[in-house]
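What follows is a short report on a single structure.
Keep in mind that what you see is a predicted model, and the values were worked out from it rather than measured.
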Amino acid sequence: MKTIRVGGVTEKVIERSDMPPAKLKKVLGKETVAVIGYGVQGRGQSLNLRDNGVKVVIGTRKGGESWKLAQKDGWKPGKTLFDIPEAVRKGTVVQYLLSDAGQKTQWPVIRDNLKEGAALYFSHGFSIVFSEQTTVAPPQNVDVILVAPKGSGTTVRRLFLEGRGINSSFAVHQDFTGHARERAIALGIAIGSGYLFETTFEKEVVSDLTGERGVLMGAIYGLWLAQYEVLRERGHSPSEAFNETVEEATQSLYPLIGENGMDWMYANCSTTAQRGALDWFKAFHDATKPVLQDLYESVRTGVEAKRALECNSKPTYRKDLDKELKAIGESEMWRIGAQVRQLRPERAGTEKKSAKPRKKSKAKARA
């Protein structure tokens, strides 16, 4: 187990070597993991668990799209694929990986079929932390644990297949059996994590919701769009505006940051780029920090949770979401993006001409 220390804070990091195959088998060998929901996280985590030799069953609505996809992935109705109540009854670990709105709706079914001593597993702290809104209140006779991969279930699966591992956090909310922490760590490694940081349900959900609305998705797109519009308004072509805003960032600079950090990326750019970045980052910091402070408070106080549950529970949710995503996909910025991506040598001729999003959007199970 490694220890890292920075900013006066010491953290212990769980690595795969702390949970080798023999120990993993000892901890999970008698467990049956019931994965409830076969969305992006449910699919990625369950396939990795299966490949790691863990006994897994899937619980989802019979006849739905997820049911059909599960069958394509080799899950067998009546053997490893069941409706939600039966899957919960079979599980000694119940991975609750429906969307947050879906977890609120299905909670009575989960609660009424949980076994004493089971581990109720989440990949997001949302339902527990905002329980007044979700009504998710686990019984006292189960473990309540969390493993939250820092990325999409698609990435969880891809990195696993590449022999790598995603960064994840884990937490214990309730330890009924006395083995909740060990179960959480074992499951974290078994789903494909390369290493695990310990947290709490509350810290996970607040940081996660802030990050998604901030630099991970909301803020970065807002910045990209603003810069693209400024360049286009000043007479630059669509391809030039896109290349200088998105393509260079995602294909060149961000990978360098991921490899060795921001300072290393700066050191490997031109001196003119270095000077400009160092001169201007403070202006962007000062302009955006108040927005992020407001965002954090909106998350912490449950305003964002309320909005998410209300919007995502509407009967028209999918239709409304598709409309919003279609507007983005058909905007000039992403239409030129589709054409620019097609020019990459490794992708030439593989991408459809249309940049329209898929008809049915897949929301993250933990998002």
- Correct closest heavy-atom pair for Asn48 and Gly192 would be ND2-CA, 4.1 Å

- Query: Side chains of Val205 and Phe122: closer than 4.5 Å at any heavy-atom pair?
  - Reply: no

- So, the side chain of Gln227 versus the backbone of Glu244: is there a donor-acceptor pair under 3.5 Å, distance only? yes

- Query: Who else is in the cluster with Tyr195 when I, L, V, M, F, W and Y are joined by side-chain contacts under 4.5 Å?
  - Reply: Ile4, Val13, Phe197

- Query: Would you say the side-chain atoms of Asn141 pair up with the backbone N or O of Glu116, donor to acceptor, closer than 3.5 Å?
  - Reply: no

- Message: Tell me whether Asp322 contacts the main-chain N or O of Lys319 through its side chain, where contact means a donor paired with an acceptor under 3.5 Å.
- Response: no

- Item | Side-chain heavy-atom pair Leu256, Trp264 within 4.5 angstrom cut-off | yes

- Message: Please identify which of these residues, Gln45, Glu204, Gln41, Gln95, meets the side chain to side chain donor-acceptor pair (under 3.5 Å) condition with Ser123.
- Response: Gln45

- Message: Under 4.0 Å between a side-chain nitrogen and a carboxylate oxygen: does that hold for Glu310 and Arg307?
- Response: no

- Query: Roughly how far, to the nearest 0.5 Å, is the CG atom of Asn268 from the CG atom of Asp263?
  - Reply: 10.0 Å

- Item | Heavy-atom check, side chain of Val246 versus side chain of Tyr228, under 4.5 Å | no

- Are Leu47 and Leu49 connected in the hydrophobic side-chain network, where two residues link if heavy atoms are under 4.5 Å apart? yes

- Item | Criterion side chain to side chain contact (heavy atoms under 4.5 Å, CB included) on Leu28 and Leu187, from CA distance to verdict | CA-CA 8 Å; Leu28 299 180; Leu187 288 162; 4.0 Å; yes

- May I ask you to decide if the ring planes of Tyr96 and Trp107 are parallel, tilted or perpendicular, using 30° and 60° as cut-offs? tilted

- Item | Close side-chain approach of Leu209 to His124, heavy-atom, < 4.5 Å | yes

- Message: Which label fits Tyr38 and Trp75: parallel for a plane angle under 30°, tilted from 30 to 60°, or perpendicular past 60°?
- Response: perpendicular

- Decide side chain to side chain contact (heavy atoms under 4.5 Å, CB included) for Leu216 and Asp208; before the verdict, give the C-alpha distance in whole Å, the side-chain angles of both, and the deciding distance to 0.1 Å. CA-CA 9 Å; Leu216 298 179; Asp208 186 78; 5.7 Å; no

- Does Ser168 use its side chain to pair, donor to acceptor, with the backbone of Val147 at less than 3.5 Å? no

- Query: Has Gln274 got more than 12 heavy atoms of other residues, nucleotides or ligands less than 6.0 Å from its CD?
  - Reply: yes

- Query: Any chain of hydrophobic side-chain contacts (each under 4.5 Å) joining Phe284 to Val291?
  - Reply: no

- Does Phe281 share a hydrophobic cluster with Leu253, counting links as ILVMFWY side-chain heavy atoms below 4.5 Å and allowing steps through other members? no

- Query: Yes or no on side chain to side chain contact (heavy atoms under 4.5 Å, CB included) for Ile220 and Val215, after CA distance, side-chain angles and deciding distance?
  - Reply: CA-CA 5 Å; Ile220 197 64; Val215 297; 5.7 Å; no

- Does Arg16 reach the main-chain N or O of Ser193 with its side chain, forming a donor-acceptor pair under 3.5 Å? yes

- Item | Heavy-atom pair with the smallest gap, counting every atom of Ile58 and Ser46 | CD1-CB, 3.6 Å

- Query: Does Thr80 reach the side chain of Arg50, with side-chain heavy atoms less than 4.5 Å apart?
  - Reply: no

- Message: Nearest 0.5 angstrom please: Leu225 CG to Met333 CE, how far?
- Response: 6.0 Å

- Where is the tightest heavy-atom contact between Ser66 and Thr60, given as atom of each residue plus distance? CB-OG1, 3.5 Å

- Item | Cluster check Ile128, Phe176: I/L/V/M/F/W/Y, side chain < 4.5 angstrom | no

- Task: Identify which one of Thr272, Thr271, Asp279 satisfies the side chain to side chain donor-acceptor pair (under 3.5 Å) criterion when paired with Arg275.
- Result: Asp279

- Message: Test your reading of the model: is there a side-chain donor-acceptor pair from Asn167 to the backbone of Lys150, 3.5 Å cut-off?
- Response: no

- Task: Indicate yes or no: at least one non-hydrogen side-chain atom of Phe242 is less than 4.5 angstrom from one of Ser237.
- Result: no

- Message: Looking at Glu182 and Lys23, is there a salt bridge between them, counting it only when a charged N and a carboxylate O are closer than 4.0 Å?
- Response: no

- Are any of the side-chain heavy atoms of Ile185 and Asp18 separated by less than 4.5 Å? no

- State whether the number of non-hydrogen atoms from other residues, nucleotides or ligands found under 6.0 Å of Lys76 atom NZ is greater than 12. no

- Begin with the C-alpha distance, continue with both residues' side-chain angles, and end with the deciding distance and a verdict on salt bridge (charged side-chain N to carboxylate O under 4.0 Å, His left out) for Arg344 and Glu247. CA-CA 10 Å; Arg344 296 176 194 164; Glu247 192 73 354; 2.8 Å; yes

- Item | Stepwise salt bridge (charged side-chain N to carboxylate O under 4.0 Å, His left out) check, Asp286 with Lys282 | CA-CA 6 Å; Asp286 294 348; Lys282 190 175 186 301; 2.9 Å; yes

- Item | Straight-line distance of Ser99 OG to Lys104 NZ, nearest 0.5 Å | 12.0 Å

- Task: Take Arg89 and Glu86, measure what salt bridge (charged side-chain N to carboxylate O under 4.0 Å, His left out) needs, and give me the verdict at the end.
- Result: CA-CA 5 Å; Arg89 289 193 293 272; Glu86 188 170 1; 5.0 Å; no

- Message: Going by side-chain hydrogen bond (donor to acceptor under 3.5 Å, both in side chains), name the residues that satisfy it together with Thr316, two or more places apart in sequence or in a different chain.
- Response: Asp320

- Query: Is any side-chain N of the basic residue among Glu229 and Arg232 closer than 4.0 Å to the acidic one's carboxylate O?
  - Reply: no

- Query: Would one find more than 12 heavy atoms of other residues, nucleotides or ligands at under 6.0 Å from atom CZ of Arg158?
  - Reply: no

- Between Phe130 and Lys306, is a side chain to side chain contact (heavy atoms under 4.5 Å, CB included) present by the stated rule, with each step listed? CA-CA 9 Å; Phe130 301 114; Lys306 183 174 184 291; over 6 Å; no

- Query: Hey, is Glu332 close enough to Arg335 for a salt bridge, meaning N to O under 4.0 Å?
  - Reply: no

- Give, for atom CD of Gln293 and atom OG of Ser298, the distance between the pair rounded to the nearest 0.5 Å. 13.5 Å

- Which distance, rounded to the nearest 0.5 Å, do you find between the CD1 of Ile84 and the CD1 of Ile36? 6.0 Å

- Task: Locate the shortest heavy-atom distance separating Ala34 from Ala87; write the atom from each residue and the value.
- Result: CB-O, 3.2 Å

- What class does the angle between the rings of Tyr221 and Trp334 fall in, given that below 30° is parallel, 30 to 60° is tilted and above 60° is perpendicular? tilted

- Message: Would you say Trp280 ends up clustered with Met262 if hydrophobic residues are merged whenever their side chains have heavy atoms under 4.5 Å apart, either directly or through other cluster members?
- Response: no

- Whether Glu198 side chain and Ile14 backbone form a donor-acceptor pair below 3.5 Å: no

- To the nearest 0.5 Å, tell me how far Leu97 CG sits from Arg43 CZ. 14.5 Å

- Query: Heavy atoms, side chains only, cut-off 4.5 Å: are Thr92 and Lys30 in contact?
  - Reply: no

- Check for a donor-acceptor pair, side chain of Gln174 on one end and backbone N or O of Val144 on the other, with a separation under 3.5 Å. no

- For Thr134 and Leu309, work out which heavy atoms get closest and say how close. CG2-CD1, 4.0 Å

- Task: Compare every heavy atom of Leu24 with every heavy atom of Met19, then report the nearest pair and how far apart it is.
- Result: CG-CD1, 3.7 Å

